[in-house]
A.B. asks: 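If you scroll down you'll find the structure; I have some questions about it.
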Amino acid sequence: MLPTNSEPTKDITTKCLSKSDHALVAWRESNESPLHGECWTSSKWRASVRRGLLGWFKKESRDLPWRSDSTPYRVWVSEIMLQQTQVATVVEYYHRFMDSFPTIHALAEASEQEVLAHWEGLGYYRRARSLHAAARVIVEQHDAKFPCSYEEVIALPGIGRYTAGAILSISQGQRLPILEGNTQRVFSRWIGMRGPVTDRAATKLLWKFAEAMLPTRNPGNFNQAAMEIGALLCRPTEPDCKGCPVASSCEANRLGLQGEIPGKVKKVVYEDRREFAFVIKEKPSDSTIDSSRYLVRLLPEGVRWAGLWDFPRTTEQSYESALKAGHGLSAELGFMIVPGEKLASLRHAVTRFRIDLQIHESDYRPFPGDSWRVPKPWKFATVTELDNLPMSVSGRKIVDRIRKQESNS
DNA sequence: AAGTCGGGGAG
DNA sequence: CTCCCAGACTT
């Protein structure tokens with residue numbers, strides 16, 4: 001078979017090669033599989049790695065709230081919170097959440113707004129909505145008991161292969177593998193797999209490896225240990241190979257490729273954006289209330305921050321000025337926004353977007369001929385009421401800004 | 001296979 | 001700044 005790659009590796013001068021390129025070239029020239037060494041086909045090797053890992057974990061494992069009492073529900077909540085989120089960030093949220101919703105039944109009984117309020121600041125809010133929806137499914141279909149078959153568990157919203165395996169192995173001792181950020185890196189290094197972990201073939205191999213490594217006794221302990229060593233020793237940069245109990249079996253360590261494994265994933269292309277948010281105070285003539293109220297809405301399904309409350313804000317389109325942004329937003333709102341003085345600007349990030357948010361005071365008026373009333377998803381709320389609505393972090397900062405302004409006047 | 005979804009920790 | 005985090009889900 002002829003090589004389809006038109007760029008011959010050997011024509012690249014050595015000068016131009018980075019360290020990782022050298023590693024890549026090395027395996028190309030040696031005609032070795034980029035995916036793995038052969039070490040892990042040996043049961044002695046696997047036993048040795050397990051022994052080292054589990055011995056280390058017994059001494060060094062962190063004392064985490066979901067470890068002392070590992071019921072399926074408690075582990076489930078922890079796993080959802082931990083998706084794409086560091087342990088240190090989760091712990092406080094976890095305590096607060098479990099205090100408010102100590103059982104599946106309590107979670108199912110709560111409103112989605114109440115659940116989202118407990119999630120405020122954690123991000124990826126769909127996790128909270130899926131968790132809540134799944135609790136209701138469990139109450140209705142599983143008699144409020146967390147299901148124990150893999151098929152039933154993975155069918156629940158917000159639970160994929162990783163999370164199903166984690167919950168059932170940790171809380172029930174079921175022999176199911178896991179693969180996530182930590183273990184992708186740890187396993188890649190153990191078996192000397194070059195190349196990005198996101199490649200299809202790499203992912204398949206790593207799952208296979210994760211399964212092959214699982215001990216019969218206490219597989220959940222192994223899964224947690226593998227993640228823990230990734231978080232504490234086998235870090236993305238500067239792994240502590242000297243303190244590592246698996247170093248003597250580790251292919252990356254043997255080859256000196258800790259820095260090149262796993263291969264780099266395609267880097268994120270950031271995009272700068274300017275958005276506008278408007279603080280619209282209710283006109284005194286609209287009602288006889290004594291404290292000011294501000295216009296917000298519950299964000300609908302399918303948009304950013306669905307299920308949270310927000311001020312009128314431009315998102316999709318980019319506008320040059322507050323005036324144009326207000327005009328553009330008017331059509332969506334069903335009334336006219338008349339931008340006023342700028343209150344503040346703040347920078348924040350949403351996934352790959354770097355957002356420069358301009359916050360303007362604003363007046364409003366109905367379109368000519370319309371009589372004024374607040375369209376359906378919108379409502380006026382006092383600062384005290386806003387405090388109790390779930391919002392994004394940037395939305396919350398707007399509330400804080402309003403509060404400060406109110407206390408000054 | 002690639003995009004989307006948040007926010008913070010840490011180098 | 002950057003990368004990464006006990007991923008799931010949609011297109």
Side-chain angles (χ1 to χ4, degrees), chain A residues 61-62 64 66-67 70 75-94 116 119-131 133-134 153-167 169-171 176-187 196-203 207 210 220 222-232 234-239 262 264-272 299 301-308 310 315-316 346-355 390-397:
Chain A
S61 66
R62 290 170 290 185
L64 301 173
W66 47 89
R67 284 188 178 155
S70 305
V75 174
W76 173 34
V77 172
S78 77
E79 290 301 337
I80 301 301
M81 284 191 173
L82 286 163
Q83 287 171 4
Q84 297 294 286
T85 311
Q86 298 188 147
V87 167
T89 307
V90 163
V91 171
E92 198 182 324
Y93 281 89
Y94 185 79
L116 280 169
W119 213 269
E120 186 177 303
L122 255 190
Y124 288 116
Y125 297 95
R126 186 163 64 173
R127 295 182 293 174
R129 305 177 71 205
S130 298
L131 182 68
V153 172
I154 204 169
L156 295 168
I159 298 184
R161 185 174 179 186
Y162 162 77
T163 305
I167 297 170
S169 67
I170 294 169
S171 71
L176 293 164
I178 55 110
L179 187 67
E180 40 63 76
N182 286 303
T183 43
Q184 282 174 341
R185 180 177 60 254
V186 171
F187 295 167
V197 292
T198 48
D199 283 359
R200 220 177 164 64
T203 302
W207 274 108
F222 173 85
N223 286 340
Q224 292 189 81
M227 293 189 279
E228 191 88 333
I229 207 168
L232 300 183
C234 200
R235 299 173 294 248
T237 59
E238 295 177 33
K264 298 304 164 218
V265 186
K266 196 179 71 176
K267 77 170 182 179
V268 184
V269 181
Y270 293 102
E271 190 179 324
D272 288 316
L299 291 166
E301 202 68 38
V303 306
R304 185 211 300 175
W305 294 320
L308 303 184
D310 197 21
T315 52
E316 296 307 311
L346 60 93
R347 292 189 62 80
H348 68 112
V350 177
T351 62
R352 67 184 186 85
F353 299 103
R354 309 301 187 70
I355 299 164
M391 288 188 169
S392 67
V393 167
S394 66
R396 184 61 59 206
K397 283 178 179 169

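Keep in mind the model is a prediction, meaning the values are calculated, not measured.
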A.B. asks: By side-chain hydrogen bond (donor to acceptor under 3.5 Å, both in side chains), which residues pair with A:Gln184, not counting sequence neighbours?
C.D. replies: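 Scan of A:Gln184 (side-chain hydrogen bond (donor to acceptor under 3.5 Å, both in side chains), adjacent residues dropped) gives none.
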A.B. asks: What I want to check is whether an N or O donor and acceptor connect the side chain of A:Thr85 with the base of B:dG6 at under 3.5 Å.
C.D. replies: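 Side chain to base: pair found, below 3.5 Å.
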A.B. asks: Which nucleotide sits closest to the side chain of A:Val350: B:dG7, C:dC4, B:dA1?
C.D. replies: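 Comparing B:dG7, C:dC4, B:dA1 against the side chain of A:Val350, the answer is B:dG7.
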A.B. asks: Where the side chain of A:Lys267 is defined as all heavy atoms beyond and including C-beta, which of C:dC4, B:dG7, C:dC3 is the nearest nucleotide?
C.D. replies: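 Of the options given, the side chain of A:Lys267 lies nearest C:dC3.
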A.B. asks: Quick one: does any side-chain atom of A:Arg185 pair with a main-chain N or O of A:Pro262 as donor and acceptor, under 3.5 Å?
C.D. replies: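 Such a contact is absent between A:Arg185 side chain and A:Pro262 backbone.
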A.B. asks: Indicate, with a heavy-atom threshold strictly under 4.0 Å, whether A:Arg347 touches base, sugar-phosphate, or nothing.
C.D. replies: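 Result for A:Arg347 = nothing.
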A.B. asks: Of the options C:dT2, B:dG7, C:dA6, whose atoms approach the side-chain atoms of A:Gln224 most closely?
C.D. replies: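 Nearest nucleotide to the side chain: C:dA6.
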A.B. asks: Give me, pair by pair, the N or O atoms of the protein and of nucleotides 8-10 of chain B that are less than 3.5 Å apart, along with how far apart they are.
C.D. replies:
from: B:dG9; atom 1: O4'; to: A:Gln86; atom 2: NE2; distance (Å): 3.1

A.B. asks: Among the nucleotides C:dA6, B:dG7, B:dC5, which one has an atom lying closest to any side-chain atom of A:Thr351?
C.D. replies: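 For the A:Thr351 side chain, the nearest candidate turns out to be B:dC5.
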A.B. asks: Among the nucleotides C:dC3, B:dG6, C:dT2, which one has an atom lying closest to any side-chain atom of A:Tyr124?
C.D. replies: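 Nearest to the side chain of A:Tyr124 among the choices is B:dG6.
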A.B. asks: Treating A:Glu180 as the side-chain partner and A:Thr183 as the backbone partner, does any N or O pair qualify as donor plus acceptor under 3.5 Å?
C.D. replies: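 Checking the backbone N and O of A:Thr183 against the side chain of A:Glu180, a donor-acceptor pair under 3.5 Å is found.
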A.B. asks: To the nearest angstrom, how far is A:Leu131 atom CG from C:dG7 atom C1'?
C.D. replies: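 Those two atoms, CG and C1', are 14 Å apart.
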A.B. asks: Could you list the protein-to-nucleotides 8-11 of chain C atom pairs, N/O on both sides, closer than 3.5 Å?
C.D. replies:
from: C:dA8; atom 1: OP1; to: A:Gly160; atom 2: N; distance (Å): 2.9
from: C:dA8; atom 1: OP1; to: A:Thr163; atom 2: N; distance (Å): 3.0
from: C:dA8; atom 1: OP1; to: A:Thr163; atom 2: OG1; distance (Å): 2.6
from: C:dC9; atom 1: OP1; to: A:Gly158; atom 2: N; distance (Å): 2.4
from: C:dC9; atom 1: O4'; to: A:Arg126; atom 2: NH2; distance (Å): 3.3

A.B. asks: Choosing from C:dC1, C:dA6, C:dC4, which nucleotide comes nearest the side chain of A:Glu79?
C.D. replies: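 Ranking C:dC1, C:dA6, C:dC4 by closest atom to the A:Glu79 side chain puts C:dA6 first.
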